[in-house]
Structure formats: C-alpha cells, structure tokens
Peer 1: 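Input: one structure, supplied below.
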Amino acid sequence: MEIEASDLDAVLATLPDRRWAERFPMTDPEPLYDLEKDLAAQRARPAPFQSQDSSAFGAPDAIVSLLIDHSGSMRGPPMFFAARAALVGSDLLASLGAKQEVLGFTTSRWKGGQSREKWLNDRQPAYPGRLNDLLHVVYCSAGEKLSARRCADMLRPDLIKENIDGEAIEWAASRLRRCKERQKCLIVLSDGAPVDDSTLLANGDRYLDQHLRRVISEIEQAGDIRLAAIGISHPVEQYYEHGISISSPEELESTLVHLINRLLRPSP
C-alpha cells in the first residue's frame with residue numbers, strides 16, 4: 001500500500017492492532033519545527049562565501065530520493081535523528097536546485113497481515129513468498145520540499161513495524177524512473193537487515209536478505225540510478241557499493257550532507 005503522509009491518521013486507525021502502540025512513549029516533534037525555523041533563517045542570511053562542501057555547485061537536472069527504514073528498532077532516537085537528517089538534506093537539495101523525494105517503508109501489521117491470513121486459509125503452501133502487507137509512505141514527492149510537519153509524522157509510535165527492504169527499494173526506484181531528471185540518486189537509511197517474522201518462518205532465514213541483494217545488484221547494474229545507503233550500527237557496505245556505516249544516529253545529518261555532495265558533485 002502506498003499512501004501520502006497526510007493520510008496516515010485515516011489508514012492507521014483502521015488497523016486491528018493499532019492499540020499496541022499505546023505502550024510506547026511519544027517523541028516530542030517540537031525540535032523539528034525549531035530546526036525548520038533555523039534552516040530558514042540561515043537561508044535568509046547572505047553568506048560571505050560558499051564552502052566547497054555545502055552549496056558550491058548546483059544540480060538543476062538531478063533528483064534525490066531518501067528512503068527511510070521504519071522498522072521497530074528505529075523507534076525513538078534513531079527515527080528522530082533520521083527525521084532531522086531528512087530536513088537538513090531537503091534544505092541542502094533545495095539550495096542546489098535539485099528535486100527530492102522523501103519516502104518511508106514499513107508494514108501495516110506485526111507478524112503478518114492479510115497476506116498471511118490468505119496463506120493460512122490456503123493450507124499453508126510451501127515457500128509462499130512475502131506474508132505481510134507493505135506500507136509505503138510518501139512524505140515529499142518530486143517537486144515538493146519537505147516540511148517539519150511531515151517529518152513529525154515519522155515519529156508516530158503506531159507507524160513503525162517491520163521492514164521489507166527489497167520491495168521498498170524497488171518501489172522508490174520505480175518512482176525515480178518516472179522522473180525526467182537525467183541524474184537520479186536513491187539513498188537508503190537503515191539500521192538493520194530486512195526482517196518480517198512471518199515471511200522468514202515460512203521461506204527461510206535468508207529469504208528477504210537474498211531478495212534485497214538481488215534488487216540492489218539489478219539497480220547497480222542498470223546504472224540509471226546511483227544507489228547508496230547509510231547504516232546505523234549496520235554494515236551496509238556488505239550490500240551496497242556506496243555504503244557508509246555510522247556508529248550512532250547523531251551522525252546521520254553530517255553523513256547525509258556529505259553523501260549528497262559526493263553523489264551530485266560532477267566528476268573531475
């Protein structure tokens with residue numbers, strides 16, 4: 001299921017397990033609004049010079065998609081710092097004249113949804129494939145700029161569940177391929193390998209991992225999208241040619257800024 005972030009209230013309210021999230025504390029979104037104001041103030045001030053690592057080059061024929069893992073382990077500080085990084089990255093891309101998309105991926109249920117129920121009704125055939133229902137969220141579409149209000153939606157305790165990375169990357173790539181910009185980049189932000197208990201129990205422990213590797217390989221070989229990833233305490237280098245591992249969520253902002261500059265900087 002693909003939905004706009006503005007529709008999260010309506011969609012999540014219909015789910016049968018929606019009350020489980022009440023046991024988790026809310027994350028205060030106010031610092032995101034403060035950050036948005038700070039970034040606007042910085043843009044309004046005339047800069048005496050532009051550093052090579054910030055806005056020294058433009059990218060008017062580029063689009064960058066940020067795809068954020070919404071798995072349960074991202075709850076709390078990791079998701080908060082991911083939202084901050086998305087705001088900072090969005091501001092940088094706007095200053096470069098590049099278009100952007102900000103997307104999130106999770107599942108609509110824990111431990112299977114309608115997909116698993118159908119499998120059970122079909123008498124549990126062997127190797128059924130994915131047994132959970134995808135939930136893909138659009139926070140910012142091409143041609144838009146990300147807002148703190150939309151980033152605050154990432155902090156909802158009833159949103160983050162399980163992560164099926166391979167299909168999420170296919171989805172984000174398909175959106176990019178519909179864009180007319182010549183230079184296309186997809187940056188995945190994750191803190192672990194793909195996990196969905198129902199799918200792995202029925203298909204084997206490496207099923208989602210192998211699918212993720214196959215999707216990454218196909219995109220990298222196609223060459224029309226530059227694919228990169230930032231892993232929070234997760235060795236994404238073993239999956240992605242352009243992978244960067246960091247030790248804490250606080251490093252996301254500076255790492256994302258560095259990566260955007262590296263991907264969009266013209267080759268010498």
Peer 1: When rounded to the nearest 0.5 angstrom, what distance separates CH2 in Trp110 from OG in Ser198?
Peer 2: 11.5 Å
Peer 1: Kindly indicate whether the side chain of Ser233, heavy atoms from C-beta on, has any atom under 4.5 Å from the side chain of Asp191.
Peer 2: no
Peer 1: Report the distance from atom CZ of Arg109 to atom CG of Asp133, rounding to the nearest 0.5 Å.
Peer 2: 7.0 Å
Peer 1: Grouping I, L, V, M, F, W and Y whenever their side-chain heavy atoms are under 4.5 Å apart, do Ile160 and Leu208 come out in a common cluster?
Peer 2: no
Peer 1: Would you kindly say whether Ser248 and Glu251 are connected by a side-chain donor-acceptor distance under 3.5 Å?
Peer 2: yes
Peer 1: With the 4.5 Å side-chain cut-off for hydrophobic clustering, are Ile246 and Val188 part of the same group?
Peer 2: no
Peer 1: Test of understanding: clusters of I, L, V, M, F, W, Y form through side-chain heavy atoms closer than 4.5 Å, transitively. Do Val236 and Leu66 belong to the same one?
Peer 2: no
Peer 1: Heavy atoms, side chains only, cut-off 4.5 Å: are Val11 and Leu8 in contact?
Peer 2: no
Peer 1: Can Arg213 be said to sit on top of Tyr239's aromatic six-ring, NZ or CZ under 6.0 Å from centre and within 45° of the ring axis?
Peer 2: yes
Peer 1: Which distance, rounded to the nearest 0.5 Å, do you find between the CG of Asp69 and the CG of Asn163?
Peer 2: 4.5 Å
Peer 1: Taking the side chain as every heavy atom from C-beta outward, state whether Leu252 and Val88 have any pair of such atoms under 4.5 Å apart.
Peer 2: no
Peer 1: Is the shortest side-chain heavy-atom distance between Leu186 and Leu67 below 4.5 Å?
Peer 2: yes
Peer 1: Taking only Lys NZ, Arg NE, NH1 and NH2, and the carboxylate oxygens of Asp or Glu, determine whether Asp224 and Arg177 approach each other closer than 4.0 Å.
Peer 2: yes
Peer 1: Flag the pair Gln100 / Ile260 as yes when at least one side-chain heavy-atom distance between them is below 4.5 Å, and no otherwise.
Peer 2: no
Peer 1: Regarding Arg175 and Glu2, does a basic nitrogen lie under 4.0 Å from an acidic carboxylate oxygen?
Peer 2: yes
Peer 1: Which label fits Trp171 and His136: parallel for a plane angle under 30°, tilted from 30 to 60°, or perpendicular past 60°?
Peer 2: parallel
Peer 1: Grouping I, L, V, M, F, W and Y whenever their side-chain heavy atoms are under 4.5 Å apart, do Phe105 and Phe80 come out in a common cluster?
Peer 2: no
Peer 1: Just wondering, more than 12 heavy atoms not from Arg43 lying within 6.0 Å of its CZ?
Peer 2: yes
Peer 1: Roughly how far apart are Gln42 CD and Leu35 CG, rounded to 0.5 Å?
Peer 2: 8.5 Å
Peer 1: Applying salt bridge (Lys or Arg N to Asp or Glu O under 4.0 Å) to Arg150 and Glu144, what does each step give before you reach the verdict?
Peer 2: CA-CA 12 Å; Arg150 290 282 75 93; Glu144 299 176 344; over 6 Å; no
Peer 1: Do Ile244 and Val64 belong to the same hydrophobic cluster, where Ile, Leu, Val, Met, Phe, Trp and Tyr are linked whenever their side-chain heavy atoms lie under 4.5 Å apart, directly or via other members?
Peer 2: yes
Peer 1: Do Ile232 and Met74 come within less than 4.5 Å of each other through their side chains, counting heavy atoms only?
Peer 2: yes
Peer 1: Report yes if some heavy atom in the side chain of Leu135 is under 4.5 Å from a heavy atom in the side chain of Ile3; otherwise report no.
Peer 2: yes
Peer 1: Do Met26 and Pro157 have side chains that approach each other closer than 4.5 Å (heavy atoms only, starting at C-beta)?
Peer 2: yes
Peer 1: Is there a donor-acceptor contact under 3.5 Å from the side chain of Asn203 to the main chain of Arg130?
Peer 2: no
Peer 1: Does a salt bridge link Asp9 with Arg156, judged by any charged N lying under 4.0 Å from a carboxylate O?
Peer 2: yes
Peer 1: Is it true that a side-chain atom of Ser190 and a backbone atom of Gly231 form a donor plus acceptor pair closer than 3.5 Å?
Peer 2: no
